[in-house]
Structures are given as C-alpha cells and as structure tokens.
Protein chains: 2
Amino acid sequence: MDNLRGLFQLLARNFGFLNERCCESCCGQELSLTQSHILYEIQRKHQPSMQDVSGALGIDVTTFSRQIKTLVDKGLVKKTPHPDDNRINILSLTLEGQQLENQINGQVNAQLAGVMSQLTAFERETVIRSIELLNKAMQNSGSCCVPPK
Amino acid sequence: MDNLRGLFQLLARNFGFLNERCCESCCGQELSLTQSHILYEIQRKHQPSMQDVSGALGIDVTTFSRQIKTLVDKGLVKKTPHPDDNRINILSLTLEGQQLENQINGQVNAQLAGVMSQLTAFERETVIRSIELLNKAMQNSGSCCVPPK
DNA sequence: ATATATAATTGCATTATGCAAGTAATTAAG
DNA sequence: CTTAATTACTTGCATAATGCAATTATATAT
C-alpha cells in the first residue's frame, strides 16, 4: 500500500473526534481534551513525576506545569513531594479526579465498543491484534513515533 | 477486549509523534502540524471551499480563516473565488505548496513503511485491511467519530 | 424590493505554547 | 565542608491559537 498516511491520518482523526466528543459530553466546560489525556496518563502510570507524564504525552514541561496547576485548582489532581527527593512531585488523582477519569474512560470505551460492534467477532479479533502489532512495531522504531526533543 | 481506549490512544499518540517529527524535519519553522494537515486536505479534496476543509479537519471556521491567510502569505495556498458564487473561495495549493506537501507526504509514508517493515508480509496485509475496516466502521457510526458542532 | 440565508472575515477576550531565566533541592568535586 | 554542577520544577514574557459575537458581502426567497 502506498497511501499508508491516508489510512492512518483518517483513523487518528476519527478517533480524535470520538475522543473530543466524549470529553465534551462527560466534562463539558470542566476539562479540555489535553487535560483528559493528562488524567488518563496519571491514572495508568505508577506514581509518576511531572516529567514522566509530560514526557509520555510529548507536552513541554513548562506548559505541563501550568496545566497541572489548573487541574490541582479544580481538585482533580494532587501533587505529593517525593519522600527521598524533594525536587520531585508525585502526581496522583484525587477521588473526584478518579471518578471523572473513570467516567471518560467508560464513555470512550463504550463508543469504541459501538464501532467495533459493526464488525464480526472474527474481524474484531483481527483488528485488535493488528493494533497491538502496530503499537509494538511503533514502540520498536526508535527514530519515529517518539515524543519530540 | 475491555481496554480499547488504551490501544487506540497509544496508536493515535504514536502516529501523532511520527507526524510531528516528519513535519519538523521537512518544514522546520516553515509550517505547523495543523498547517501540514490543511495542505494535505486541500491536496486530496476536489476544489474544496473553506468550509469543506475546515469541516473535515474539525477546525472552527474563524480559526481556519486566519490559518489560511498565513498559508497564503507564505505562498503555499491560493484562494480563487468560485465562478458561480462569489461568496465561496476555492482553495488550492500553489506549486510551492504542492512540493512541500509532497515532501511531507513522502516522509510520513516512508516512516510508516519503515514501521510496517518490521511485520511479515501477511501481517502487513492484515493490518492494512484492519485499518480500512475500522475507518469504514467509524465513518458509519453517525454519532461519534465526527467533527464537533 | 425586502427579508433571509450563507460564506467568509474581523474584533476581542481567553487560553495555550515554548524559550529563557529563575528557584530549590540533590549530587559531585576539590 | 564548601563550592560547583545537575536535576526537577516554576515563572516571565512574547507569540500563536482558539472561539464566540458581530460584520461584510454575496446569493436566494417572498
């Protein structure tokens, strides 16, 4: 296939819209798309530092620092100084943050399940395995697919 | 699979990074990621109007209008009034715009080909078919996967 | 003609972005 | 032990992006 870009672009865009839509319907004014990604990433990482999360998302640390400040102000995220190194802040979700994140997560998964329900069971299996393969291959490609800088 | 979101998120993020990286190495200061998507979309559509492109990308028309202005100033895009309706502006790429777009397109496709080269021929086939299936299913899901508003 | 609708642009206020410089804490060197 | 070098994070500042409301210009309907 010589139009790989088109395929991926369309997929990424459609998923982006799904994502925005879910975030909108869940959180409305409460949360931006980027912020929902931050919650997601804090949730799934083990006691991450600022750099851990900003790095994973490819967001500049300075922008990230400000985003975290607003999330803390909203009462969704907590910063705890690392016991062995006071420079480091461990990020975690507050109870409210977890609830919101679960809600978004549920919505996104439900929408995706809806999309997948159009496929046969066999196709679903294949599609999922394919994405897993792709993800592995991308993680393996040192040069590309990696956060900037 | 109950973690569809995780799979898609990772894929979209990795492709996003690949995309940024390519745009950076091709155009450097010259072009933002959004702008590269605008070029792409103008290229592949047939004589699109402003709304056609901004709608496809899910960008607010007013923001889009300003982006187009800067692209016109850079000499990459041309606006032509529609012969039958002077309210409409047809967008097209200048020669320079086409060259730049081709360059980006080449890079992205090359990087993706690199990723795919890690898979067996059979896996590649399967992966491509899977994405096509997904894209179709997403386009079909009226509610989600659609630009906001 | 006058009213309505549509395509696009501009005003304006808000938010996001990222570099450079700053603060604070930790580690390394002399 | 004290000074220098590193590391984690935060702020200043200037620029770019965003989106709603209002405006302009053209086209369609009554």
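Numbers restart at 1 for each chain; the letters A, B, ... are given by sequence-line order, proteins then strands.
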[X] [atom1] to [N] [atom2]: how many Å, rounded?
X       : N      : atom1 : atom2 : result
B/Leu91 : C/dA8  : CG    : P     : 8 Å
B/His82 : C/dT6  : NE2   : P     : 17 Å
B/Met50 : D/dT24 : CE    : C1'   : 14 Å
A/Lys69 : C/dT17 : NZ    : C1'   : 15 Å
A/Asp60 : D/dA16 : CG    : P     : 16 Å
B/Phe64 : C/dA7  : CZ    : C1'   : 13 Å
B/Asp84 : D/dT28 : CG    : C1'   : 14 Å
A/Ile68 : D/dA8  : CD1   : P     : 16 Å

Check this one for me: any side-chain N or O of [X] less than 4.0 Å away from OP1 or OP2 of [N]?
X       : N      : value
B/Gln51 : C/dA8  : yes
B/Thr63 : D/dA17 : no
A/Lys79 : D/dT10 : yes

### Task
Let me see the working for B/Arg5 and A/Glu101 under salt bridge (charged side-chain N to carboxylate O under 4.0 Å, His left out), right down to the final yes or no.
CA-CA 12 Å; B/Arg5 186 192 185 194; A/Glu101 159 58 19; 3.3 Å; yes

Nearest to the [X] side chain among [options], which nucleotide is it?
X       : options                : answer
B/Gln67 : D/dG19, C/dA25, D/dT18 : D/dT18
A/Asn86 : C/dA7, D/dT10, C/dA25  : C/dA25
A/Asp85 : C/dC19, C/dT9, C/dA25  : C/dA25
B/Val61 : C/dT9, D/dT11, D/dT26  : C/dT9

### Query
5'-most contact on DNA chain C: B/Ile88 or A/Thr34, nearest heavy atom basis?
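First, find each residue's nearest nucleotide; the 5'-ward one identifies B/Ile88.
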
### Query
Quick one: does A/Ile131's side chain get under 4.5 Å of B/Leu134's, heavy atoms only?
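Yes - at least one pair of side-chain heavy atoms lies under 4.5 Å apart.
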
#### Entry: Pairwise 5' ranking along DNA chain D for B/Thr62 and A/Arg66, keeping only the more 5' one
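Checking each residue's closest nucleotide, the 5'-ward one belongs to A/Arg66.
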
## Note on the structure
Walking DNA chain D from its 5' end, the first of B/Ser32 and B/Arg87 to be reached, judged by nearest nucleotide, is B/Ser32

### Query
How about B/Gln43 and B/Gln98: does a side-chain donor come under 3.5 Å of a side-chain acceptor?
no

### Message
Check this for me: does any side-chain nitrogen of one of A/Glu41 and B/Arg13 sit under 4.0 Å from a carboxylate oxygen of the other?
### Response
yes

### Query
Do A/Thr63 side-chain atoms and A/Ile59 backbone N/O form a donor-acceptor pair below 3.5 Å?
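The answer is no, because no donor-acceptor pair under 3.5 Å joins these two groups.
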
